[in-house]
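Read the structure below first, then the notes.
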Number of protein chains: 2
Amino acid sequence: MATKSAAKRPAPNASKPSRRRESMSSTLKCFEAFDLLAQEPYELPLAEIAARLQQPLTTAHRLLATLTEAGFAEQDPASRHYRLAGKALWAGAAYLRNSPVYRAAFLIMQEAARHCPGLIHLGALHGNWVLYLHTVGSPSRLYLYADTGERRTLHATGLGKAILAWQPADVVNRIVSQKLERFTKRTICSPTELREELRLTRQRGYAIDDEEGVMGLRCVAAPVFDRSGISVAALSISAPVNVMAPAALEGFATDIREAAMKVSVQIGYRPASSNMLSLMGAK
Amino acid sequence: MATKSAAKRPAPNASKPSRRRESMSSTLKCFEAFDLLAQEPYELPLAEIAARLQQPLTTAHRLLATLTEAGFAEQDPASRHYRLAGKALWAGAAYLRNSPVYRAAFLIMQEAARHCPGLIHLGALHGNWVLYLHTVGSPSRLYLYADTGERRTLHATGLGKAILAWQPADVVNRIVSQKLERFTKRTICSPTELREELRLTRQRGYAIDDEEGVMGLRCVAAPVFDRSGISVAALSISAPVNVMAPAALEGFATDIREAAMKVSVQIGYRPASSNMLSLMGAK
DNA sequence: CTCCAAGATTCCGCAATGCGGAACTCGCTT
DNA sequence: AAGCGAGTTCCGCATTGCGGAATCTTGGAG
């Protein structure tokens, strides 16, 4: 039997301990193909896909056939190129429809938009990114296609800093120890400064993004807490610097914090149980 | 031995010819699980998932482990229930970002919203459904969560009828021969009537939805053509019946047809080749 | 029109990988 | 403590995915 079990662990070389995976490697490859289709070009020929996945043509073909049968990809009848199918959008929207934060925030954001200029964003923490869930506001959103579903860095957005400031230490450490990409001359790229910024954010109860992501755009953001008291999302108001003048910041901050608190309560946060927060200082 | 090769084609009984599938069955099961998570409840316990997929617990666990590793599902640390992860939204939005129709329509819709009341929708044909891609308009969209990514029937929406009216016969046949669900007393549920309605739609150049999907809501819709001259999407304006009075319909129709034509041109349609080609013996 | 090359698709024997019953672990309730 | 229910891990078996080679399709170039 020794030979038999030896076959089980085909790598005598120590590099790969050949752990029994609890997930299915063939399927994971299929999801890689899916990810690839979600990247830039609208559609890709099979050969290109095979090359990028570093898989033989035959395998790539099987993966795409599977994706197609599952409904998440489709093949252009003429060019034979593959692209994402509408079902991907449907599934993505399902995430939103089911998301408690989104559902709670929807009407509150609508309401807030009435007496706030600029754009109101809702973002949630997702891995090392803020994932944009929803936007309301003036229809001058010419500068963005489908911001919903997009992701940005945590350190260069108001939303990101608002979320990060109320995250457990290990998450903060993970983020801070990454390379902090620079977007404008104001972007905070030093770990130390970022930590200090988060401390300030906690102290004042909301985050400020002063042209750190895009020049000419200023933004205030407030965290949304779930029942366990950590931040899972944030709300922000952003507007051109002339609208969001320093003197006006405080007012916007109050509005957005109120809205964020309403959302928090709706998803189960109990403001009373605030042992860890002197944060909502105004209170 | 003989048994070995017999094992290859495990069905001596003729019922299953044991066709070699070109797609991977295990992966398809994984996508079934994905679909399931995209359904109603926010999260599901493993046992429930296994039951609904009609799979043994172990298998369900493997499927979910795979989905989780791929980043499309996540497990609540406390309840151990599974739910969709944000990556689903990201991938769905990628579909939009890459979609030529969406990109072409974005600014045109924004523009159209300036001088039109009500909501302007963009929908694309997807299987037997209209898939809603984008909406602009007055912020009184209280009645919908995330209409983007939702799908509705073709026969009971202006968008659907506008698309269907300029589809090849086989698609129309497929749709018409399905059961046509009733939503209001005005919904067109008879195949014959629907065909006649499509003929009228072609004749007048746009579709009208007169409280056929929702009572109190009227809508006009115009088709968007791709370079091959068939309809791939449609634009619509919908508003309460009092706003969209019979006398005003014509005006809205002109607006929406103009917008739809602009989109068509942007995605490669050549209005010059207006006569229903398909003849062109040259081929 | 004919031939050719590039790409996509299908074929098929081999063995790696997914399968699932059984055993195990971890919280909760009785 | 013991029992229960839900999730997780184990591991031998055989199904199913693998991928090189053969085949089919297309769209130019001659």
Side-chain angles (χ1 to χ4, degrees), chain A residues 1-12 16-33 43-70 73-83, chain B residues 1-12 16-33 43-70 73-83 282-283:
Chain A
M1 291 308 180
T3 56
K4 206 169 200 175
S5 57
K8 274 290 149 49
R9 18 200 83 228
K16 212 183 180 185
S18 177
R19 286 271 300 112
R20 276 267 198 173
R21 315 289 293 100
E22 73 283 12
S23 51
M24 309 178 310
S25 61
S26 58
T27 302
L28 286 176
K29 262 187 269 178
C30 201
F31 279 113
E32 270 176 53
E43 46 182 24
L44 288 171
L46 183 59
E48 178 83 14
I49 296 174
R52 298 225 202 161
L53 295 179
Q54 310 219 64
Q55 294 289 336
L57 257 179
T58 312
T59 300
H61 180 262
R62 189 170 349 152
L63 296 175
L64 270 295
T66 308
L67 272 175
T68 304
E69 189 164 340
E74 61 194 13
Q75 190 177 28
D76 187 290
S79 70
R80 317 247 83 192
H81 293 191
Y82 291 93
R83 56 175 176 245
Chain B
M1 36 198 178
T3 55
K4 206 171 197 174
S5 57
K8 274 288 148 52
R9 16 201 81 228
K16 212 181 182 187
S18 178
R19 285 274 299 111
R20 279 266 195 174
R21 314 286 297 99
E22 75 280 15
S23 51
M24 309 180 309
S25 62
S26 58
T27 302
L28 286 177
K29 262 187 267 178
C30 202
F31 279 113
E32 271 176 53
E43 45 182 26
L44 288 171
L46 184 59
E48 178 84 13
I49 296 173
R52 297 225 203 164
L53 295 179
Q54 310 221 63
Q55 293 289 336
L57 257 179
T58 312
T59 300
H61 179 260
R62 192 177 353 182
L63 295 176
L64 271 294
T66 307
L67 272 176
T68 305
E69 190 163 340
E74 61 194 12
Q75 189 177 30
D76 187 287
S79 70
R80 317 248 81 189
H81 293 190
Y82 290 93
R83 54 174 178 247
K283 169 67 191 297

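Since we're looking at a predicted model, the values are computed, not measured. Convention: sequence-line order gives letters A, B, ...; per-chain numbering from 1.
Taking side-chain N and O atoms only, A:Ser26 has a distance below 4.0 Å to OP1 or OP2 of C:dG18. Distances shorter than 4.0 Å separate some side-chain N or O of A:Ser25 from OP1 or OP2 on C:dG18. Residue B:His61 places at least one side-chain N or O under 4.0 Å from the OP1 or OP2 atom of D:dT8. Regarding contacts with the backbone of C:dG7, every side-chain N or O of A:Gln75 stays at 4.0 angstrom or more from both OP1 and OP2. For C:dG7, the OP1/OP2 oxygens have no side-chain nitrogen or oxygen of A:Arg80 closer than 4.0 Å. Phosphate contact (OP1/OP2 of C:dG18, side-chain N/O of B:Lys29, threshold under 4.0 Å): absent. Look at B:Thr27 and you won't find any side-chain N or O under 4.0 angstrom from OP1 or OP2 of D:dG17. The phosphate of D:dA6 (OP1 or OP2) has no side-chain N or O of B:Tyr82 nearer than 4.0 angstrom.
In the region residues 47-59 of chain B, proximity to DNA chain C at under 4.0 angstrom, judged on heavy atoms, holds for B:Gln55, B:Pro56, B:Thr58, B:Thr59.
A residue-by-residue look at A:Ser23 and A:Ser79 shows that A:Ser79 has its nearest nucleotide of DNA chain C further toward the 5' end.
Atom CG in B:Leu44 sits about 15 Å away from atom C1' in D:dG7, given to the nearest Å. The distance from atom CE of A:Met24 to atom P of C:dG18 is 7 Å, rounded to the nearest whole Å. Rounded to a whole Å, the NE2 atom of B:His81 is 9 Å from the P atom of D:dA6. In this structure, the CD atom of A:Glu22 is 15 Å from the P atom of D:dC11, given to the nearest Å. Remark: C1' of D:dT8 and CG of B:Leu64 are 12 Å apart, rounded to the nearest angstrom. We find that CG of A:Leu28 is positioned 14 Å from P of D:dG17, with the value rounded to whole Å. The nearest whole Å value for the distance from the CD atom in A:Glu43 to the P atom in C:dG7 is 16 Å.
Scanning all heavy atoms of the two residues, the minimum distance from A:Met24 to B:Thr66 falls at N-OG1, 3.0 Å. The two atoms that bring A:Arg80 and A:Gln75 nearest to each other are O-NE2, 3.2 Å, heavy atoms only. The shortest non-hydrogen separation linking B:Leu67 to B:Ala33 is CD1-CB, 3.9 Å. Listed here is the closest heavy atom pair of B:Asp76 and B:Glu43: CB-OE1, 3.9 Å.
For A:Arg62, the listed nucleotide lying nearest its side chain is D:dG19; candidates were D:dT8, C:dT9, D:dG19.
Residues satisfying the ring-ring contact (aromatic ring centres under 6.0 Å, His included) test with A:Phe31, not counting sequence neighbours, are B:Phe31, B:Phe72. A:Thr59 is linked by a side chain to side chain donor-acceptor pair (under 3.5 Å) to nothing, counting only residues two or more places apart in sequence or in another chain.
For the atom pair A:Arg83 CZ and A:Leu44 CG, the distance stands at 11.5 Å (nearest 0.5 Å). Distance NE2/B:His61 to CG/B:Leu57: 9.5 Å, rounded to 0.5 Å.
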Using atom types as modelled, flag every donor-acceptor pair under 3.5 Å from a side chain in residues 45-54 of chain B to any protein atom, sequence neighbours excluded.
from: B:Glu48; atom 1: OE2; to: B:Arg52; atom 2: NE; distance (Å): 3.0
from: B:Glu48; atom 1: OE2; to: B:Arg52; atom 2: NH2; distance (Å): 3.2

What nitrogen or oxygen pairs link the protein and nucleotides 26-28 of chain C at under 3.5 Å?
none

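Looking at B:Arg62 and B:Thr58, their side chains come closer than 4.5 Å, going by heavy atoms from C-beta outward.
Side-chain N/O atoms of B:Thr27 and A:Thr27 include a donor and acceptor closer than 3.5 Å.
Over its full length, the helix from C:dC1-D:dG30 to C:dT30-D:dA1 turns its helical axis through 30°, comparing axes from the five pairs at each end and rounding to 10°.
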